[in-house]
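Worksheet: the structure to be examined is printed underneath.
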There are 2 protein chains.
Amino acid sequence: MRIPKGVRQSRLVTSLEQNPFMTDEELAKQFKVSVQTIRLDRLECGIPELRERLKTVAARTMEAEVKSLQSDEVIGEIVDIVLDKRAISIFDVTEDHVFQRNGIARGHHLFAQANSLAVAVLDDDLALTVTSTVNFLRPVKAGHRVIARATVDKERSNERRTFVEVTSTVGSDVVFTGQFQMYQTTEQSGRKN
Amino acid sequence: MRIPKGVRQSRLVTSLEQNPFMTDEELAKQFKVSVQTIRLDRLECGIPELRERLKTVAARTMEAEVKSLQSDEVIGEIVDIVLDKRAISIFDVTEDHVFQRNGIARGHHLFAQANSLAVAVLDDDLALTVTSTVNFLRPVKAGHRVIARATVDKERSNERRTFVEVTSTVGSDVVFTGQFQMYQTTEQSGRKN
DNA sequence: ACTGGTATTAGTACCAAGTGCTAATCCGGA
DNA sequence: TCCGGATTAGCACTTGGTACTAATACCAGT
């Protein structure tokens with residue numbers, strides 16, 4: 001019993017987390033025990049066999065690929081939209097969006113949600129952001145659901161420039177506001193809604 | 001010979017691209033042929049067996065996860081940095097970053113690069129963006145290499161607020177400028193939370 | 001020194017999802 | 001009718017396991 005069982009098992013776990021591709025035989029060599037011991041260890045730790053591990057890892061990929069494709073075009077899920085007037089999107093903040101050090105969401109994610117919404121609310125094939133001023137009012141953390149509301153400011157808009165105001169809230173707290181000046185290319189005169 | 005061999009094989013390929021998790025037996029049922037026929041088809045098309053497919057898909061995940069971890073904390077690669085003074089990062093725009101419709105980079109990616117750089121240039125565990133004004137001057141397209149230069153504006157900065165200017169260029173063209181007002185917490189004991 | 005209990009190792013039968021090979025059968029066209 | 005590609009069947013073998021049983025090793029307590 002070179003190294004105690006418990007130590008070996010916890011090393012086994014971390015080893016497989018890092019590299020799930022190892023067979024029992026390879027693991028046996030690494031830990032200098034028999035294959036059977038590795039099997040028992042996996043059994044006790046509830047670690048599935050190689051093929052099952054690969055299956056779940058692969059499944060995670062497929063999901064992730066679908067997700068990244070979806071979430072790429074628009075950050076946040078648009079739940080309500082009246083073209084050229086207003087729109088609402090929801091963005092659930094996860095661990096992936098925050099600084100590890102302090103758990104606060106990185107600003108560019110909130111910007112991305114607001115910017116995406118500003119683009120989406122304009123009924124235009126080619127709406128681009130020209131200028132934007134944004135305020136991060138309160139820190140947002142993982143688990144928070146950010147609701148962004150965009151409204152088109154008709155007063156200030158003209159043929160080529162459209163102003164969109166975005167206010168994002170978590171619960172009843174306003175966490176972010178932004179003004180977006182957008183550039184549009186299609187003719188807006190005939191189009192009305 | 002219900003459907004010709006060629007058609008079946010090309011369907012097999014697309015079928016497995018969509019869902020690589022199918023066994024030969026399941027595929028045989030789907031195409032209403034024998035398992036052996038599926039095997040021959042795979043052989044002719046150079047499609048590996050289920051386990052190999054899962055292995056490569058899983059491997060892709062692991063890579064992607066490493067990549068997303070890296071690129072998550074900072075958007076763009078920081079190539080030069082003098083803390084509290086200036087910093088430079090490089091961000092290569094790919095197809096993933098542009099609107100399919102017009103091939104122009106979504107604004108929030110340029111914002112993210114600039115914002116990440118503004119955070120990085122401050123030698124602080126807890127630098128947060130408070131307010132920002134940004135200008136998108138020229139469209140950026142896939143293949144472009146965006147170089148962002150951040151400089152800390154000492155004049156306007158005080159204990160609690162630091163001003164960072166970011167200018168991003170593609171070649172000799174300035175494509176983006178941004179002013180970031182940052183909140184810092186270092187050297188003050190009364191850290192609010 | 002003997003005993004008990006845990007840990008480890010060994011060995012067997014079996015499974016899934018294949019490869020590789022040979023052989024038989026089907027089926028359509030000249 | 002015969003030929004040839006397409007299809008199907010069958011068998012041995014491989015990997016990386018599960019499930020189970022049995023043997024052995026080792027350490028502690030009395």
Side-chain angles (χ1 to χ4, degrees), chain A residues 1-70, chain B residues 1-70:
Chain A
M1 229 199 294
R2 286 298 238 300
I3 45 172
K5 185 177 166 178
V7 176
R8 187 189 56 228
Q9 291 190 342
S10 66
R11 282 189 199 167
L12 183 68
V13 170
T14 56
S15 197
L16 283 178
E17 269 168 16
Q18 278 185 356
N19 177 13
F21 298 81
M22 299 190 80
T23 65
D24 287 358
E25 212 166 49
E26 291 169 334
L27 290 164
K29 258 176 211 162
Q30 183 182 313
F31 290 101
K32 285 172 187 157
V33 292
S34 71
V35 174
Q36 283 79 359
T37 302
I38 295 292
R39 310 250 224 243
L40 285 175
D41 284 350
R42 277 202 297 102
L43 201 73
E44 286 178 26
C45 298
I47 302 171
E49 61 171 291
L50 171 64
R51 289 142 184 170
E52 292 305 313
R53 294 198 299 269
L54 292 189
K55 222 183 278 180
T56 58
V57 172
R60 218 167 55 213
T61 318
M62 303 301 284
E63 259 182 71
E65 275 172 12
V66 169
K67 218 201 269 178
S68 77
L69 271 178
Q70 289 175 336
Chain B
M1 229 196 295
R2 286 296 237 301
I3 45 173
K5 185 177 168 178
V7 176
R8 187 189 58 227
Q9 293 190 341
S10 65
R11 280 190 200 167
L12 183 70
V13 170
T14 56
S15 197
L16 284 177
E17 268 169 15
Q18 278 186 355
N19 177 12
F21 297 83
M22 299 191 79
T23 64
D24 287 357
E25 213 167 48
E26 290 168 334
L27 289 164
K29 259 176 210 163
Q30 183 182 312
F31 290 101
K32 285 171 189 156
V33 292
S34 72
V35 174
Q36 283 78 1
T37 302
I38 295 291
R39 310 251 222 244
L40 285 175
D41 284 351
R42 278 202 296 100
L43 201 73
E44 287 178 24
C45 298
I47 302 170
E49 62 172 293
L50 171 65
R51 289 143 183 168
E52 291 304 313
R53 293 197 300 269
L54 292 189
K55 220 182 278 179
T56 58
V57 172
R60 218 167 56 211
T61 318
M62 302 302 283
E63 262 182 67
E65 274 174 11
V66 168
K67 218 199 266 178
S68 79
L69 268 177
Q70 289 175 337

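Protein chains get the first letters and strands the later ones, always in sequence-line order, with residue 1 at the start of each. These numbers come from a predicted model, not from an experiment.
One finds a side-chain N or O of B:R8 lying less than 4.0 angstrom from the OP1 or OP2 phosphate oxygen of D:dT7. OP1 or OP2 of D:dT8 sits under 4.0 Å from a side-chain N or O of B:T37.
Within 6.0 Å of the CD atom in A:E25, the count of heavy atoms belonging to other residues, nucleotides or ligands does not exceed 12.
Considering only the side chain of B:Q36, D:dT8 comes nearest among D:dA6, C:dA16, D:dT8. Comparing D:dG16, D:dT8, D:dA19 by their nearest atom to the side chain of B:S34 picks out D:dT8. Nearest nucleotide to the A:R42 side chain, out of C:dT19, D:dG17, C:dT8: D:dG17.
Below the 3.5 angstrom threshold, one finds no donor paired with an acceptor across the side chain of A:R39 and the base of D:dT18. At a cut-off of 3.5 angstrom, counting only N and O atoms as typed in the model, there is a donor on one side and an acceptor on the other between the side-chain of A:R51 and the base of D:dG16.
Looking at every heavy atom in both residues, A:F31 comes nearest to A:S15 through CZ-CB, 4.4 Å.
Between the P atom of D:dG4 and the NZ atom of B:K5 lies a distance of 16 Å, rounded to the nearest Å. We find that CG of A:L40 is positioned 14 Å from P of D:dG17, with the value rounded to whole Å. Taking atom CD on B:E26 and atom P on C:dA17, their separation rounds to 8 Å, with Å as the unit. As rounded to whole Å, 13 Å separates atom C1' of D:dT15 from atom CG of B:L50. In this entry the distance linking CD of B:Q9 with C1' of D:dT7 reads 12 Å, nearest Å. The CG atom of A:L54 sits 17 Å away from the P atom of D:dT15 (whole-angstrom rounding). Taking atom CD of B:E44 as the reference point, atom C1' of C:dT19 lies 16 Å away to the nearest angstrom. As rounded to whole Å, 15 Å separates atom P of D:dT7 from atom CG of B:D24.
Between A:E49 and A:R39 there is no salt bridge, since no side-chain N of the basic residue sits under 4.0 Å from a carboxylate O of the acidic one. Look at A:E52 and A:K55 and you find a salt bridge, because one of the NZ, NE, NH1 or NH2 atoms lies within 4.0 Å of a carboxylate O, short of that distance.
The backbone N or O of B:M22 sits less than 3.5 Å from a side-chain atom of B:R53, completing a donor-acceptor pair.
Counting non-hydrogen atoms under 4.0 angstrom, A:V33 reaches the backbone sugars and phosphates but no base.
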